[in-house]
J.: 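Below is the structure I would like to discuss, written out as structure tokens.
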Amino acid sequence: MNSFGKMAVYGLVLVLAVLAALNAHDSLFAAHAIVFALACAIAIVVTAKRAGASADTGDGEKYLDGVVRAGTIATLFWGVAGFLVGVTIASQLAFPALNLEWAFTNFGRLRPLHTSAVVFAFGGNALIATSFYVVQRTTGARLAFGNLAWFVFWGYQLFIVLAATGYLMGVTQSREYAEPEWYVDIWLTIVWVAYLLVFLGTLYKRKEPHIYVANWFYLSFIVTIAMLHIVNNMAMPVSFLGSKSYSLFSGVQDALTQWWYGHNAVGFFLTAGFLGMMYYFVPKQANRPIYSYRLSIIHFWSLIFMYIWAGPHHLHYTALPDWAQTLGVAFSIMLWMPSWGGMINGLMTLSGAWDKLRTDPIIRMMIISIAFYGMSTFEGPMMAIKSVNSLSHYTDWTIGHVHSGALGWVGMVSFGALYYLTPRLWNRDRLYSLRLINWHFWLATLGIVVYASSMWVSGIMQGLMWREYDAQGFLVYSFAESVAAMHPFYIIRAIGGAMYLAGALIMCWNIYQTIRGNKRNEAPMGVVASEAA
């Protein structure tokens, strides 16, 4: 489609959005219609400028890397935003006075904003950017369908803005990891189908006969998330010009559908997608082949077949039939082996090159992420066992588990991938500073350890206090007493989160200086100052 055709489409959508805003049944829907109209107006202006510009658009390059560069910057921006909101709400739990009277800043609205910002804004942009980079390099083909990849990128940013502003205004389905309302879900579906077309189209026109295993993980993440998103978000709007809708499911069926989605959002968005990242960037940074390609294939097929069944372990001791709960436990425990197969494959890729851990902080960051992946995928199946779950569920132990996976595995492997990508995307011979990466590594690692360990202690303490009875059969502790006992651990958690945020800010400075072409004069890693002098 030429520029005039694009502007015509954007103009039509702009008019429809304005009409929707004027005739909206509630102010929340009207606000989002205005956001959509503004996005269309910006798209028209940008398209018109590009049509009149004579600058090189990159069409002559072998690979479409402009969208990867944009994705790298977006990942950093949303990462810092998500971590900042996380530190804010951790501080609100430690010091309730920080829950201000203004509704937009209270914990109830900021908490889903934090979750979605880290998972979907930070993690989603990291996955889209790296998948576009990896699929081009491993196929020897440019991204398919022209600039459709740019539509995927900007369409996804619009989804993030609509979702985030919705949370702050109170527009929500109240479904974990699936908070946006029906019209935002429809928009994400359109963007996601375009993403699938770009990825599949690139694989189809590949110049390499073999499909590298990282692409299998990326493809499984894209396809499965599409299926999960569509089924879990089946809903009937109260009005097609209103923000509210009601789920197709109800009762225990709704709960099971939600946690079939919720656990597999973790399994395929936060695990399979980032395993694709691991299988490409760890061997590239280590300059070593993957330890066992056969093991990677076994890892892939066993993981995707088993993960989809594990969701019911979120619903122990509920109205869900006992056989379904037991099924979730069985598959959760079986998942331990393929998960650790992937961990072993990643770690053993450094066979014969372990000395790189002393001199290369990027490899150090990637390896610690794999270690957190192994720990989280052991802890998850253990917590799925009913007797353990009776102590851990609804406590901070679960919060510690989720964050050791999200910050330790997802965050660290993403940071490593971005550090690898930046000098290559902007044609720099090296990063601005390796020693700043070392600072980032230790701040992030210590921040995760402080955060997760405080939540493990707090969670187990919670579970034990809630189930303590006296000789007469009465509860020993009130709920308020258990909350008071958690106060010091909430302060420790906020400190851990602040350390992680500080590391991310250092990374932003490092990447910014690298893009500008600056180089910090510093001694190589692993060399003491006297030797360098």
J.: Under 3.5 Å, is there a donor-acceptor pair linking the side chains of N215 and T138?
T.: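 There is such a pair between these side chains.
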
J.: Quick check: do F269 and N264 have side-chain heavy atoms less than 4.5 Å from each other?
T.: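 Not touching, per the 4.5 Å side-chain cut-off.
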
J.: Would one find more than 12 heavy atoms of other residues, nucleotides or ligands at under 6.0 Å from atom CH2 of W154?
T.: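 Result for CH2/W154: open.
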
J.: With rounding to the nearest 0.5 angstrom, report the CD1 to CG distance, I511 to L436.
T.: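 One finds 10.5 Å between CD1 of I511 and CG of L436.
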
J.: Should we say atom CZ of R430 is surrounded by more than 12 heavy atoms from elsewhere, each under 6.0 Å from it?
T.: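 Counting other residues, nucleotides and ligands, CZ of R430 exceeds 12 neighbours.
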
J.: Surrounding CZ of F305 (heavy atoms of other residues, nucleotides or ligands, distance under 6.0 Å), is the total greater than 12?
T.: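 Counting neighbours around CZ of F305, 12 or fewer heavy atoms of other residues, nucleotides or ligands fall under 6.0 Å, so no.
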
J.: Just grab all the side-chain hydrogen bond (donor to acceptor under 3.5 Å, both in side chains) pairs involving residues 487-508, residues at least two apart or on different chains.
T.: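 Matches after skipping sequence neighbours: D396-Y490.
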
J.: With a 6.0 Å cut-off on ring centres, are W192 and F221 close enough?
T.: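 Centroid distance W192-F221: below 6.0 Å, so yes.
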
J.: Take a 6.0 Å sphere around CH2 of W439 and say whether it holds more than 12 heavy atoms from other residues, nucleotides or ligands.
T.: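 It does not: W439 CH2 has 12 such atoms or fewer within range.
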
J.: Checking H316 side chain against S390 main chain: does a donor-acceptor pair fall under 3.5 Å?
T.: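 No; judged by distance alone, with no hydrogens or angles, the pair does not exist.
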
J.: Just wondering, are more than 12 heavy atoms of other shown residues or ligands nearer than 6.0 Å to OH in Y317?
T.: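 More than 12 heavy atoms, drawn from other residues, nucleotides or ligands, come within 6.0 Å of this atom.
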
J.: Anything under 30° is parallel, anything over 60° is perpendicular, the rest tilted; go ahead and classify Y133 against F281.
T.: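 Rings of Y133 and F281: parallel, as their planes differ by under 30°.
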
J.: Can you find a heavy atom in the side chain of V402 that is under 4.5 Å from one in the side chain of I399?
T.: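 Side chain of V402 against side chain of I399, heavy atoms only: no contact under 4.5 Å found.
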
J.: Once the angle between the rings of H114 and H403 is folded into 0 to 90°, is it parallel (under 30°), tilted (30 to 60°) or perpendicular (over 60°)?
T.: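 Answer is parallel, since the angle falls under 30°.
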
J.: Report the C-alpha distance between R520 and N510 in whole Å, list the side-chain angles of each, state the deciding distance to 0.1 Å, and finish with yes or no for side chain to side chain donor-acceptor pair (under 3.5 Å).
T.: CA-CA 10 Å; R520 188 166 179 257; N510 203 354; over 6 Å; no

J.: With a 4.0 Å cut-off, would you call D429 and K519 a salt bridge?
T.: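 Here D429 pairs with K519 in a salt bridge, since their nearest N and O are under 4.0 Å apart.
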
J.: Donor-acceptor check, side chain of R206 to backbone of L203, threshold 3.5 angstrom: yes or no?
T.: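 Judged by distance alone, yes, a pair lies under 3.5 Å.
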
J.: Is the backbone of L113 close enough, under 3.5 Å, to the side chain of S116 for a donor and an acceptor to pair up by distance?
T.: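 Checked: no pair found.
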
J.: Would you confirm whether Q258, through its side chain, and R175, through its main-chain N or O, come within 3.5 Å as a donor-acceptor pair?
T.: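 Checked: no pair found.
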
J.: Mind checking whether W216 and W301 have parallel, tilted or perpendicular rings, split at 30° and 60°?
T.: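 W216 vs W301 ring planes: tilted.
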
J.: May I ask you to check whether H263 and H314 place their ring centers less than 6.0 Å from one another?
T.: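 Centroid distance H263-H314: below 6.0 Å, so yes.
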
J.: Hey, does the side chain of Y373 reach the backbone of T271 with a donor-acceptor pair shorter than 3.5 angstrom?
T.: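 No, Y373 side chain to T271 backbone: no donor-acceptor pair under 3.5 Å.
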
J.: Is there any side-chain hydrogen bond (donor to acceptor under 3.5 Å, both in side chains) pair reaching into residues 327-338, and which pairs are they, with sequence neighbours excluded?
T.: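 Sorted pair list: H313-S332.
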
J.: Going by heavy atoms in the side chains, are S433 and Q513 under 4.5 Å from each other?
T.: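 Sidechains of Q513 and S433: no contact.
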
J.: Using modelled atom types and a 3.5 Å cut-off, is there a donor and acceptor pairing between side-chain atoms of N106 and backbone atoms of R109?
T.: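 A pair under 3.5 Å: yes.
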
J.: Let me confirm one number: the OG1-CZ distance from T514 to R428, rounded to the nearest 0.5 Å.
T.: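 Result: 8.5 Å between the selected atoms.
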
J.: So does W509 have more than 12 non-hydrogen atoms from other groups sitting under 6.0 Å from CH2?
T.: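 No, the 6.0 Å shell around CH2 holds no more than 12 heavy atoms from other groups.
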
J.: Quick one: does Q173's side chain have a donor or acceptor within less than 3.5 Å of a partner on P180's backbone?
T.: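 Yes, because the side chain of Q173 sits within donor-acceptor range (under 3.5 Å) of the backbone of P180.
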
J.: Check whether more than 12 heavy atoms from other residues, nucleotides or ligands sit under 6.0 Å from atom CH2 of W260, and answer yes or no.
T.: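 Above 12, so yes.
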
J.: Centroid separation under 6.0 Å, is that true for the rings of F217 and H299?
T.: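 Yes.
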
J.: Can you check whether Y195 and F132 have ring centres sitting under 6.0 Å from each other?
T.: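 Under 6.0 Å, so yes.
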
J.: Can you confirm whether Y291 is buried at OH, in the sense that more than 12 heavy atoms of other residues, nucleotides or ligands lie under 6.0 Å from that atom?
T.: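 Count not over threshold, so no.
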
J.: Please check this pair: side chain of D65 against backbone of L425, looking for a donor-acceptor N/O pair closer than 3.5 Å.
T.: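 No: the side chain of D65 does not pair with the backbone of L425.
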
J.: Does Q285 reach the main-chain N or O of Y419 with its side chain, forming a donor-acceptor pair under 3.5 Å?
T.: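 It does not hold such a pair.
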
J.: Would you say the side-chain atoms of W340 pair up with the backbone N or O of G374, donor to acceptor, closer than 3.5 Å?
T.: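 Confirmed, W340 side chain pairs with G374 backbone.
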
J.: Kindly assign one of parallel, tilted or perpendicular to the pair Y420 and Y280, based on the angle between their ring planes and the thresholds 30° and 60°.
T.: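 If you compare the ring of Y420 with that of Y280, the planes turn out perpendicular.
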
J.: When you check the side-chain N and O atoms of S482 and Q462, is any donor under 3.5 Å from an acceptor?
T.: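 S482 vs Q462: no donor-acceptor pair found between side chains.
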
J.: Mind checking whether Y279 and Y212 have ring centres under 6.0 Å apart?
T.: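 When the ring centroids of Y279 and Y212 are compared, they turn out to be at least 6.0 Å apart.
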
J.: Roughly how far, to the nearest 0.5 Å, is CG of L143 from CD of Q136?
T.: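 Answer rounded to 0.5 Å: 3.5 Å.
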
